*Asks:* 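Just dropping this structure here.
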Amino acid sequence: MRLRHIKGAEAAIATSPYVIQEPVNNKGRWAEVFGNSNPLEIEVGMGKGRFIMELAAAHPDINFIGIERYSSVLLRGLQKRAGLELHNIYFMCIDAKDMADIFAPGEVSKIYLNFSDPWPKDRHAKRRLTSPDFMAVYDKILAPEGSVEFKTDNRPLFDYSMEAIPEAGWEISAFTHDLHNSPLAADNVMTEYEMKFASEGKPICKLTARRMPPEKQL
Ligand code: SAM
């Protein structure tokens, strides 16, 4: 998602109480930031944030952080956030490749990747959020039983991810090529992009990845 630059977006983000301004200062201290030691779940590329704010409202006993690298996009999320009574969610305007500087090993329970940019050209494959480079970043911060959940309407990106994730040493513990007509639909929370694609009748793919158990590693 790339909105036209909105004047004042950086300033609004820099003064927002909902945004963590110097996230690297909190590495290993996120329980203090939230004031409890509840599990911490992150959405990478939250866009306007519908998904993560709905999760935060439904799960007050889980802490949430939404990451979005474009200020104009994050600003839309902040405007929505202002109307909600939530105590368990913050946002950050960062690039996900820097997450290992921000979270200590094992500090994160779950990572959500929703409708990530497909980067269809081979030479841009490293930018895909399910590439081995990004999986290595997630490996540095996820708890031992932690998981990565990925949803997309983009079949070539999904097929790439189904191959690249196991090659990076992870196990696909569940997947579907038609989320909304599968048992996984029961606790599904829709994102902005998902609502649009679903209304156009496009099937949504989803996978869950966990670290490969030692007995399955080569
Ligand atoms: N997750 C939302 C949804 O499903 O409605 C937004 C999907 S949009 C296609 C992808 C978003 O991910 C964009 O807003 C983009 O700026 C953000 N994004 C892509 N790569 C990122 C990265 N490396 N770090 C942080 N955000 C990223």
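From a predicted model like this one, the values you see are computed outputs, not experimental measurements. Each ligand, and each atom within it, is numbered from 1 in the order the structure gives.
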*Asks:* Please tell me whether Phe34 and Tyr90 form a close aromatic pair, meaning their ring centres lie under 6.0 Å apart.
*Replies:*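 Distance test on ring centres: under 6.0 Å, yes.
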
*Asks:* Under 4.0 Å between a Lys/Arg side-chain N and an Asp/Glu carboxylate O for Glu54 and Arg50?
*Replies:*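 Answer for the salt bridge query: yes.
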
*Asks:* Any non-hydrogen atom of Arg50 lying under 4.0 Å from ligand 1?
*Replies:*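 False for this residue.
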
*Asks:* Going only through I, L, V, M, F, W and Y residues with side-chain contacts under 4.5 Å, is there a path from Ile65 to Leu78?
*Replies:*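 No.
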
*Asks:* Could you pull out, from Trp119, Tyr193, Phe197, the option with a heavy atom nearest to atom 5 (O) of ligand 1?
*Replies:*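 Considering heavy atoms of Trp119, Tyr193, Phe197, the nearest to atom 5 (O) of ligand 1 sits in Tyr193.
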
*Asks:* Which ligand 1 atoms, with their elements, are less than 4.0 angstrom from a heavy-atom of Phe115?
*Replies:*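 Contacts of ligand 1 toward Phe115, numbered from 1: 4 (O), 7 (C), 8 (S), 9 (C), 10 (C).
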
*Asks:* For Lys97, state whether at least one heavy atom is located under 4.0 Å from any atom of ligand 1.
*Replies:*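 No, Lys97 has no heavy atoms under 4.0 Å from ligand 1.
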
*Asks:* Please identify which atoms of ligand 1 are closer than 4.0 Å to at least one heavy atom of Ile94.
*Replies:*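 So the answer, numbered in order with elements, is 24 (N), 25 (C).
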
*Asks:* Using a strict cut-off of 4.0 Å, indicate which atoms of ligand 1 neighbour a heavy atom of Gly47.
*Replies:*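 Near Gly47, the atoms of ligand 1 are 6 (C), 14 (O).
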
*Asks:* Name the one of Glu192, Lys206, Glu43 that satisfies side-chain hydrogen bond (donor to acceptor under 3.5 Å, both in side chains) with Asn114?
*Replies:*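 Among Glu192, Lys206, Glu43, the one meeting side-chain hydrogen bond (donor to acceptor under 3.5 Å, both in side chains) with Asn114 is Glu43.
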
*Asks:* Considering the heavy atoms of Tyr70, write down every atom of ligand 1 situated less than 4.0 Å from one of them.
*Replies:*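 Taking each heavy atom of Tyr70 in turn, ligand 1 has 16 (O) under 4.0 Å.
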
*Asks:* Could you tell me, atom by atom, which parts of ligand 1 come under 4.0 Å of a heavy atom of Glu192?
*Replies:*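 Contacts of ligand 1 toward Glu192, numbered from 1: 5 (O).
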
*Asks:* Look at atom 26 (N) of ligand 1 and find which of Met195, Glu194, Arg69 reaches it with the closest heavy atom.
*Replies:*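 When every heavy atom of Met195, Glu194, Arg69 is considered, Arg69 comes closest to atom 26 (N) of ligand 1.
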
*Asks:* Just which atoms of ligand 1 are under 4.0 Å from any heavy atom in Asn114?
*Replies:*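 This gives 1 (N), 2 (C), 4 (O), 7 (C) as the contact atoms.
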
*Asks:* To the nearest 0.5 Å, what is the distance between CZ (Phe175) and CZ (Phe150)?
*Replies:*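 If I round to the nearest 0.5 Å, the distance is 14.0 Å.
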
*Asks:* How long is the span from the CD1 atom in Ile165 to the OH atom in Tyr138, to the nearest 0.5 Å?
*Replies:*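 Those atoms lie 9.0 Å apart.
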
*Asks:* Is it true that, when you exclude Glu145 itself, more than 12 heavy atoms of the residues, nucleotides or ligands shown sit nearer than 6.0 Å to its CD?
*Replies:*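 No, the 6.0 Å shell around CD holds no more than 12 heavy atoms from other groups.
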
*Asks:* Is Met46 touching ligand 1 with its side chain, its backbone, both, or neither, if touching means heavy atoms under 4.0 Å apart?
*Replies:*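 The answer is the backbone.
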
*Asks:* Suppose I only count heavy atoms of Thr191 and a 4.0 Å limit; which atoms of ligand 1 are within that range?
*Replies:*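 This gives 3 (C), 4 (O), 5 (O) as the contact atoms.
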
*Asks:* Go through the side-chain N and O atoms of His180 and Glu194 and say whether any donor and acceptor fall under 3.5 Å apart.
*Replies:*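 A donor-acceptor contact under 3.5 Å links the two side chains.
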
*Asks:* Scan side-chain atoms only and decide if Asn88 and Asn38 contain a donor-acceptor pair under the 3.5 Å cut-off.
*Replies:*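 On atom types as modelled, these side chains do not qualify, holding no pair under 3.5 Å.
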
*Asks:* Between the side chains of Glu41 and Ser109, is a donor N or O closer than 3.5 angstrom to an acceptor N or O?
*Replies:*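 Per modelled atom types, Glu41 and Ser109 side chains form no pair under 3.5 Å.
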
*Asks:* Can an N or O of Gly45 be found at a distance shorter than 3.5 Å from an N or O of ligand 1?
*Replies:*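 Such a contact does occur with ligand 1.
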
*Asks:* Can you list the atoms of ligand 1 that are under 4.0 Å from a heavy atom of Glu43?
*Replies:*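 Those atoms are 1 (N).
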
*Asks:* Got an N/O contact under 3.5 Å between Ser116 and ligand 1?
*Replies:*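 So ligand 1 has no N or O lying under 3.5 Å from an N or O of Ser116.
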
*Asks:* Give yes if a backbone or side-chain nitrogen or oxygen of Val73 is under 3.5 Å from a nitrogen or oxygen of ligand 1, and no if not.
*Replies:*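 Among all N and O atoms of Val73, none is under 3.5 Å from an N or O of ligand 1.
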
